[in-house]
Amino acid sequence: TIGLEDDVDLEALVNDMNSSFESLYSTYSVHAEAAPLLQNGQPHRSSEHTHSHSHTHSHPTSPHQRLRRSQPMHILAVRRLQEEEQQYRTSSLPAIPNPFPELCSPAGSPTLCPGSLPPSQPSGKYIIKIFSEDGMGKVVEIPADMTARDLCQLLVYKSHCVDDNSWALVEHHPVMGLERCLEDHELVVQVQASMTSESRFLFRKNYAKYEFFRNPLSFFPEQMVAWCQESNRTIPPSQLLQTFLNSSSYPEVQGYLYVKETGRKSWKKLYMFLRRSGLYFSTKGTSKEPRHLQLLADHEDSNIFTVISGRKLHNAPTEYEFCIKPNKVRTEQKELRMLCAEDEQSRTCWMTAFRLFKYGILLYQNYKIPQPRKALISHFSTPVRSVSENSLVAMDFSGRIGRVIDNPVEAQSAALEEGHAWRKRSQRMNTLGSPSPLHPSSLSGVIHVTQLWFHGRITREESHRIIHQQGQVDGLFLLRDSQSNPKAFVLTLCHHQKIKHFQILPCEEDGQMFFSLDDGTTKFTDLIQLVEFYQLNRGVLPCKLKHPCTIVAL
């Protein structure tokens, strides 16, 4: 038999559910109240129910007894809920997530049987294939609720990389020539559902993903950002990001863009306005009057993509092409809104503003959330060499026993003397024809091959492509072999969204080979030492080396 206390427990459990759950299943609540509850074969009365509630608190029972005797009695309501569930779960709508998945777990909830509450998030595993820059792929099995950020962390862990919040998952459409970086909060399974069989996910660095939070003025030129209400009023630099993130403010990005006409190969130059409500163009010059504005695309059901090889595929007037693609479109290129900017800075401004209007404060949360995690794993990402250097002391072994050199002047002279001794020893070994394979002088010419920023024999155009893909932020760099001089190397550096190349030439002094970037003024024994120096000092470069272009094989 089922006691009065059991029904009170069930009602208390339902009452504890939050308001969103009650509003979502309001029909279920009405049916549940209308359905008669059987208690020892008799209909339930409200007076008895109230009395039992006070009786329950005066005589509590153990959790084991409650779980053993408690059973759901809303039989008719459960049947109606199952019928409504079939109506909710159509082909066009996703399954409604359950805010209390722990209560619906058969192992963790003996009180509720399966079917008495709505199902949790889509269960099961999904197969995702990820490709690296070298074209190799890796198949991973992920749950339905895994975000792009979580998948990047998984790939970083499996590939033994450093998680610096700059890795990104890229949605790549080779047929349409489009690609974009997924936002950290996007569900990978949902994005894959909108992709074709030719499309793929790429795993690569993207240093510009949140760079606009650190340096917003370089992303939003003053002449392109203004208030919607007043055409001549610009936004103060100190309030730039707050204006975009605050939903009650009305900023806009304005300027000329080339727009590809639908169904034709020609492009038309129009004055555009990007607002929270969508992207508009003026039918009369630069007029902002509502009767002259026409909607071109909205944010809600679209994503913004970078166009690859736009000049070849779409006969674009410039190289700075981007595209607004509706989520429902898979292969129909006539549904794409092809746009083209005058330069890289304006294209970056349009695309960054589109992301801010679409996601708002979510982007700032994605930017801030990984910061505490880095503090937890900082001791893993610290270079091993810095730990060992902290424990090094100067020692003198000339006497019978060793002693620690406390005088810093004496320690420095001892280090110089030891360095000269090593150099003489290496020269003597070179004359004998058998240098030590572990000596630094024999490794200075090849040690850079092990570094992630060294890309070997790639062309100038290939280095440009890699810089473009990984963000075009200040200090983004790579090293490669020189095509004109087989003994030299080239430093490719990005500054102010422009790519510059600096030749590294070998030079010889006292029989030893050095590398120099400034015609011998500053010399380095190997390329690693050169890179470490310019990471700390700008020297002759326009900026310090900050972000290495990294390609990791999965």
Backbone of [Y] reached by a side-chain donor or acceptor of [X] within 3.5 Å:
| X | Y | answer |
| --- | --- | --- |
| Ser282 | Lys284 | yes |
| Tyr207 | Pro548 | yes |
| Ser482 | Pro486 | no |
| Lys209 | Trp167 | yes |
| Lys358 | Ser302 | yes |
| Lys205 | Cys549 | no |
| Asn485 | Lys487 | yes |
| Thr348 | Glu344 | yes |

Can you tell me how far [atom2] of [Y] sits from [atom1] of [X], rounded to the nearest 0.5 angstrom?
| X | Y | atom1 | atom2 | answer |
| --- | --- | --- | --- | --- |
| Thr492 | Ile467 | OG1 | CD1 | 6.5 Å |
| Leu202 | Glu171 | CG | CD | 10.5 Å |
| Arg276 | Leu356 | CZ | CG | 8.5 Å |
| Ile324 | Asn303 | CD1 | CG | 10.0 Å |

With side chains defined as the heavy atoms from C-beta onward, is the minimum distance between [X] and [Y] less than 4.5 Å?
| X | Y | value |
| --- | --- | --- |
| Arg180 | Leu182 | yes |
| Leu295 | Leu279 | no |
| Val259 | Met338 | no |
| Leu491 | Tyr534 | no |
| Ser463 | His501 | yes |
| Leu245 | Gln242 | no |
| Glu321 | His314 | yes |
| Phe515 | Gln529 | no |

Item to check | Partner residues of Phe533 under the ring-ring contact (aromatic ring centres under 6.0 Å, His included) criterion, sequence neighbours left out | outcome: Phe524
Next on the checklist: The criterion is ring-ring contact (aromatic ring centres under 6.0 Å, His included); which residues satisfy it with His299, sequence neighbours excluded?
Outcome noted: Phe354, Phe357
Checklist entry - Are the aromatic ring centres of Phe131 and Phe203 under 6.0 angstrom apart? => result no
Checklist entry - Between Tyr250 and Trp227, is the ring centre distance below 6.0 Å? => result no
Checklist entry - For atom CD of Glu289, is the number of surrounding heavy atoms from other residues, nucleotides or ligands below 6.0 Å larger than 12? => result yes
Checklist entry - Does CD in Glu222 sit with more than 12 non-hydrogen atoms of other residues, nucleotides or ligands closer than 6.0 Å? => result no
Checklist entry - Where does the angle between the aromatic ring planes of His173 and Phe305 fall among parallel (under 30°), tilted (30 to 60°) and perpendicular (over 60°)? => result perpendicular
Checklist entry - With under 30° as parallel and over 60° as perpendicular, where do the rings of Phe477 and Trp453 fit, or are they tilted in between? => result tilted
Nearest heavy-atom neighbours spanning [X] and [Y]:
| X | Y | value |
| --- | --- | --- |
| Gly475 | Cys543 | N-SG, 3.6 Å |
| Lys129 | Phe201 | O-CB, 4.0 Å |
| Gln469 | Glu133 | OE1-OE1, 3.4 Å |
| Trp267 | Asn315 | NE1-O, 3.1 Å |
| Ser287 | His292 | OG-ND1, 2.8 Å |
| Thr550 | Gln470 | O-NE2, 3.1 Å |

Salt bridge between [X] and [Y], side-chain N to carboxylate O under 4.0 Å?
| X | Y | value |
| --- | --- | --- |
| Glu186 | Arg149 | no |
| Glu179 | Arg204 | yes |
| Asp474 | Lys544 | no |
| Arg355 | Glu183 | yes |

Item to check | Stepwise side chain to side chain donor-acceptor pair (under 3.5 Å) check, Gln294 with Thr283 | outcome: CA-CA 7 Å; Gln294 186 170 339; Thr283 57; over 6 Å; no
Checklist entry - Under the side chain to side chain donor-acceptor pair (under 3.5 Å) criterion, do Gln472 and Lys498 qualify, and how do the steps go? => result CA-CA 8 Å; Gln472 284 187 277; Lys498 295 182 179 179; over 6 Å; no
Checklist entry - Given Leu476 and Leu493, is the side-chain contact (heavy atoms from CB on, under 4.5 Å) satisfied, shown in steps? => result CA-CA 6 Å; Leu476 184 62; Leu493 176 65; over 6 Å; no
Item to check | Steps toward salt bridge (Lys or Arg N to Asp or Glu O under 4.0 Å) verdict (Glu462, Arg457) | outcome: CA-CA 10 Å; Glu462 186 73 7; Arg457 300 187 62 83; over 6 Å; no
Next on the checklist: Determine whether Asp519 and Thr521 satisfy the following criterion, side chain to side chain donor-acceptor pair (under 3.5 Å), listing intermediate values before the conclusion.
Outcome noted: CA-CA 6 Å; Asp519 296 330; Thr521 304; over 6 Å; no
Checklist entry - Hey, mind stepping through Glu252 and Arg275 against salt bridge (Lys or Arg N to Asp or Glu O under 4.0 Å) and telling me if it holds? => result CA-CA 5 Å; Glu252 73 175 11; Arg275 299 175 176 175; 2.7 Å; yes
Checklist entry - Going through the checks in order, is the side-chain contact (heavy atoms from CB on, under 4.5 Å) test met by Thr147 and Asp150? => result CA-CA 5 Å; Thr147 63; Asp150 295 335; 3.0 Å; yes
Is the closest side-chain donor-acceptor distance between [X] and [Y] under 3.5 Å?
| X | Y | result |
| --- | --- | --- |
| Gln190 | Ser194 | no |
| Asn246 | Ser249 | no |
| Asn215 | Ser218 | yes |

Item to check | Reference residue Phe213; test ring-ring contact (aromatic ring centres under 6.0 Å, His included); the match among Phe244, Phe220, Phe219, Tyr367 | outcome: Tyr367
Checklist entry - Can Leu151 and Ile142 be said to form a side-chain contact (heavy atoms from CB on, under 4.5 Å), step by step? => result CA-CA 8 Å; Leu151 182 54; Ile142 65 172; 3.9 Å; yes
Item to check | Stepwise side chain to side chain donor-acceptor pair (under 3.5 Å) check, Ser346 with Asp343 | outcome: CA-CA 6 Å; Ser346 59; Asp343 50 38; 2.7 Å; yes
Item to check | Derivation of the side-chain contact (heavy atoms from CB on, under 4.5 Å) call for Asp145 and Val189 | outcome: CA-CA 8 Å; Asp145 60 346; Val189 173; over 6 Å; no
